[in-house]
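One structure is given here, and the rest of the page talks about it.
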Protein chains: 4
Amino acid sequence: MGEVRAKRMPRAVRERQMLDAAVRVFGERGYRAASMDDIAELAGVSKPLVYLYLNSKEELFSACIRRESAALVAAVRAGVSGAGGADRQLWDGLRAFFTHTAHNPDGWAVLHSHARTGGEPFAVEVTAMREEIVAFVTGLIAAAAREAHGDPALPDREVAGLAQALVGAAESLAGWAGTDPSVTAKEAAATLMNFAWSGLGNLMEGRRWSPAPGA
Amino acid sequence: MGEVRAKRMPRAVRERQMLDAAVRVFGERGYRAASMDDIAELAGVSKPLVYLYLNSKEELFSACIRRESAALVAAVRAGVSGAGGADRQLWDGLRAFFTHTAHNPDGWAVLHSHARTGGEPFAVEVTAMREEIVAFVTGLIAAAAREAHGDPALPDREVAGLAQALVGAAESLAGWAGTDPSVTAKEAAATLMNFAWSGLGNLMEGRRWSPAPGA
Amino acid sequence: MGEVRAKRMPRAVRERQMLDAAVRVFGERGYRAASMDDIAELAGVSKPLVYLYLNSKEELFSACIRRESAALVAAVRAGVSGAGGADRQLWDGLRAFFTHTAHNPDGWAVLHSHARTGGEPFAVEVTAMREEIVAFVTGLIAAAAREAHGDPALPDREVAGLAQALVGAAESLAGWAGTDPSVTAKEAAATLMNFAWSGLGNLMEGRRWSPAPGA
Amino acid sequence: MGEVRAKRMPRAVRERQMLDAAVRVFGERGYRAASMDDIAELAGVSKPLVYLYLNSKEELFSACIRRESAALVAAVRAGVSGAGGADRQLWDGLRAFFTHTAHNPDGWAVLHSHARTGGEPFAVEVTAMREEIVAFVTGLIAAAAREAHGDPALPDREVAGLAQALVGAAESLAGWAGTDPSVTAKEAAATLMNFAWSGLGNLMEGRRWSPAPGA
DNA sequence: TATGAATGAGCCTTCATTCAT
DNA sequence: GATGAATGAAGGCTCATTCAT
């Protein structure tokens, strides 16, 4: 009965606690609906301390975005070995993506659902991250196109559109997997991979993509 | 000199004005950041009248979601002739979808960006609409599968995932088209159709889908 | 028992009440130390209403300054008949000044003590008022100089300094009269008139100024 | 690189630094708007040290008032030689006053602008100082009156009023000189001396006071 | 049908002040 | 002698909502 509030921790530790709490509350409620009181309470500190370390609600949210962006990008990059064909790399990246978002639903909600809503200041930060991922995927697709035939058969603009669609599909499936706990990261990745790589047309005819053995 | 505020209009008309204003303000600012004052002012009526007709901010937002949902679903249904194979129907639906969202950016923002953020009460309504669309797409895919071979080669669960991915890709492309005005609804639809129908694998090899002549 | 809070008054009346309360609280405590809560309570309304009508603490304070400035300048102008020599006009003006400040101590405190402190935005307004008074006095002094001999014997710069000194002396005496209730406006005016018109040198020698009979 | 914060200084030195910083910040911003953080930072020490030495914001402000009061009174006393007639002593005192305030604008602002605003506790201290100066001037005027004719021709009450006026005029001119840098201390003193000693009446007629040669 | 007048509640932010080392 | 860590208490401002007409 009664939280024993840990006292006098070094700044770095407290700051981490605050960011953890903030991601959780922002993720659950969104930027506007989240209150600094709630964040402070969840972090186990008083509100003035939050302000002392993170200056304002806006900066706190920015810090959340930056941290979660970096974590997500890092997770995807780490998941992609670099070996194998473009399909294999895409498969690896998707698995890492779905695994990370499934393990960090609030962080993902901050990035996907809330950051784009908050108007100017955050859109900048989150768009930057999203574009980093889109660029990554774009690179994979272009590389795949070069693999298939020496010249880039697909014009840049089309590649961009495809990457956009792929990322959107991934985001949507992440939401699906987040909602229904029986959907595993691997299943989501497989679904998307089939969809993206083989296309509905092929699927209709019973042809489907599957990772090379051992993946 | 100054706005002459029209007086004593029939209820239906006033209600429409209010919903128009609300969709605009909610779409631009999101649920929490939108204020009833702004909505009333944009609608050209006093705040108590808004409450008289629409009861609360929450109900007003719900009404917006319902109206925009219905409009979007209707537009997609209207776009699909029912004639032709599954691919043709999908193509028609996508074109209608992208055309409608491009013409109603605020309505689309309400549905896509903001309604999911607002917590419980709205999630219900928007999820309902989204699921209606997913069900529609699911039906198309299942029909296509039956066309290809008599038995449903794809299990329900997989079909659901595919529909989810397709809708997500469409949403993402709608955002893309909304951002960059040089992207037409038709181009967005074509990009998605290629992606979805042929799959990246086929595209890599130079095979692509294209609508039957006359579409 | 207890204040019956009058309800539903027309806006103009409420606004007056708010300004009255604000002048009182600002006058007693100064800009920073005054709280909007206190002002609202003294005005007998809720805080949001104060904001609805007067927008912000800063604007409220500005409105106070403007109202009290205008009242003071009007009182002084009204007190000066325009007839008689420069000394008589000065005498009339001083009496009006001391009478007004004695009757409106909070208004005077707002102008004299607090408005100069509040940084930029208010300094502008209050300096404008003060300069209006200084200009008025400056005009009187210059007129007197012309009366005495055709050419302006006193250079502008010196006249400005004298006016500054005179106004400062008046302000100081207003504070004195405000502190000690036995000092009447008339006595303060007489003291200052003697000081200013005859100078200490003459006073030392028993010569003093006095208003023409009937003043 | 960066401020090397001097450590372990004797108490007296640290206290001086703090008072210097406090006078500066209080002078620029006023009592309420000044923050202990700003003062501590400007003093180059941590906030707890300020509290260790000076106990509270109120006491710190009091200490500022006392120090600046003492310095001002000392400067004026030092400027008055004691030789010469009353007019000469007044002239010396005014010059010292204007010189000191011009050199210590923040200290002067603390005394003149801010200390009277802060309510009860400070009014006491600053009024004490002001009364010391008023008493000093009162003494001069009374002495002058005795010089002119053996018996005190002016009743005490009138002398008090005159002193009040004189001090007020001086304060006003100090503000004037502080605002316009082209106004020298000597010019301000001369303007006031003419005003006070000769009176506007005499000035109008071309008669003016001037210091005995050598002053 | 329509509105001017009004408010309870809450949120972001800051400040003077203290504790433990 | 000196400080990093921490907070209770307020203050400015806004918002959804209602009452009386």
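Naming: A, B, ... by sequence-line order, numbering from 1 per chain.
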(request) Heavy atoms only: give me the nearest Ala34(A)-Val25(A) pair and the separation to one decimal. (result) CB-CG1, 3.6 Å
(request) Can you tell me the distance, in whole Å, between the CG atom of Asp37(C) and the C1' atom of dA9(F)? (result) 13 Å
(request) For the pair Phe26(B) and Tyr31(B), name the ring-plane relationship: parallel under 30°, tilted 30 to 60°, perpendicular over 60°. (result) parallel
(message) Without decimals, in angstroms, what is the distance between Leu49(C) CG and dC13(F) P?
(response) 15 Å
(request) Please determine, for the side chain of Met9(B), which listed nucleotide (dA16(F), dT14(E), dA2(E)) has the closest atom? (result) dA2(E)
(message) Just so I know, are the side chains of Leu42(B) and Ile39(B) near enough to count as touching, which here means a heavy-atom distance under 4.5 Å?
(response) no
(message) Need to verify one output field. Residue with the more 5' nearest nucleotide on DNA chain F, Ser56(B) or Leu52(A)?
(response) Leu52(A)
(message) Please report the distance, rounded to the nearest Å, between CE in Met36(A) and P in dC13(F).
(response) 19 Å
(request) On DNA chain E, check which nucleotide each of Ala33(A) and Lys57(D) is closest to and give me the residue with the more 5' one. (result) Ala33(A)
(request) Kindly say if Arg8(C) contacts the phosphate of dT21(F), meaning a side-chain N or O under 4.0 Å from OP1 or OP2. (result) no
(request) Go through the structure and list residues passing side-chain contact (heavy atoms from CB on, under 4.5 Å) with Tyr51(D), not counting sequence neighbours. (result) Met36(D)
(request) Would you kindly check if the NZ (Lys) or CZ (Arg) of Arg11(D) is within the cone defined by 45 degrees around the ring axis of Tyr53(D) and under 6.0 Å from the six-membered ring centre? (result) yes
(request) Give Ala34(D) one of three labels, base, sugar-phosphate or nothing, depending on what nucleic acid heavy atoms sit under 4.0 Å from its own. (result) sugar-phosphate
(request) Starting from P on dA16(E), measure out to CZ on Arg29(D) and report it in whole angstrom. (result) 11 Å
(message) Rounding to an integer number of Å, can you tell me how far Ile39(C) CD1 sits from dG12(F) C1'?
(response) 11 Å
(request) Would you mind telling me which residue lines up with the more 5' stretch of DNA chain E, Pro10(B) or Arg32(D), judged by nearest nucleotide? (result) Pro10(B)
(request) Would you please test Glu58(A) and Phe122(A) for side chain to side chain contact (heavy atoms under 4.5 Å, CB included) and show each step? (result) CA-CA 9 Å; Glu58(A) 219 167 82; Phe122(A) 315 126; 3.4 Å; yes
(message) Any side-chain to backbone donor/acceptor pair from Lys57(A) onto Ser35(A)? Under 3.5 Å, distance only.
(response) no
(message) On the nucleotide dT1(E), are OP1 or OP2 found under 4.0 Å from the side-chain N or O atoms that Arg14(B) carries?
(response) no
(request) Output the single nucleotide from dA2(F), dA16(E), dC15(E) whose closest atom is nearest the side chain of Tyr51(D). (result) dA16(E)
(message) Check Asp20(A) with Arg16(A), please: is the shortest side-chain N to carboxylate O separation under 4.0 Å?
(response) yes
(message) From the set dG12(F), dG4(F), dA2(E), return the single nucleotide nearest to any side-chain atom of Ser46(B).
(response) dA2(E)
(request) Report the distance from atom CD of Glu41(B) to atom C1' of dG4(E), rounded to the nearest whole Å. (result) 15 Å
(request) Remember a base hit wins even if backbone is also touched, and classify Arg11(B) as base, sugar-phosphate or nothing at under 4.0 Å, heavy atoms. (result) nothing
(request) Test for a donor-acceptor pair under 3.5 Å between the base of dT7(F) and the side chain of Lys47(A), counting only N and O atoms. (result) no
(request) On DNA chain F, check which nucleotide each of Tyr53(D) and Asn55(B) is closest to and give me the residue with the more 5' one. (result) Tyr53(D)
(message) Just to be sure I follow the notation: if a pair is Watson-Crick (purine N1 to pyrimidine N3 plus N6-O4 or O6-N4) or a G-U wobble (N1-O2 and O6-N3), each under 3.5 Å, what dot-bracket string does DNA chain E give, with | for pairs to another strand?
(response) .||||||||||||||||||||
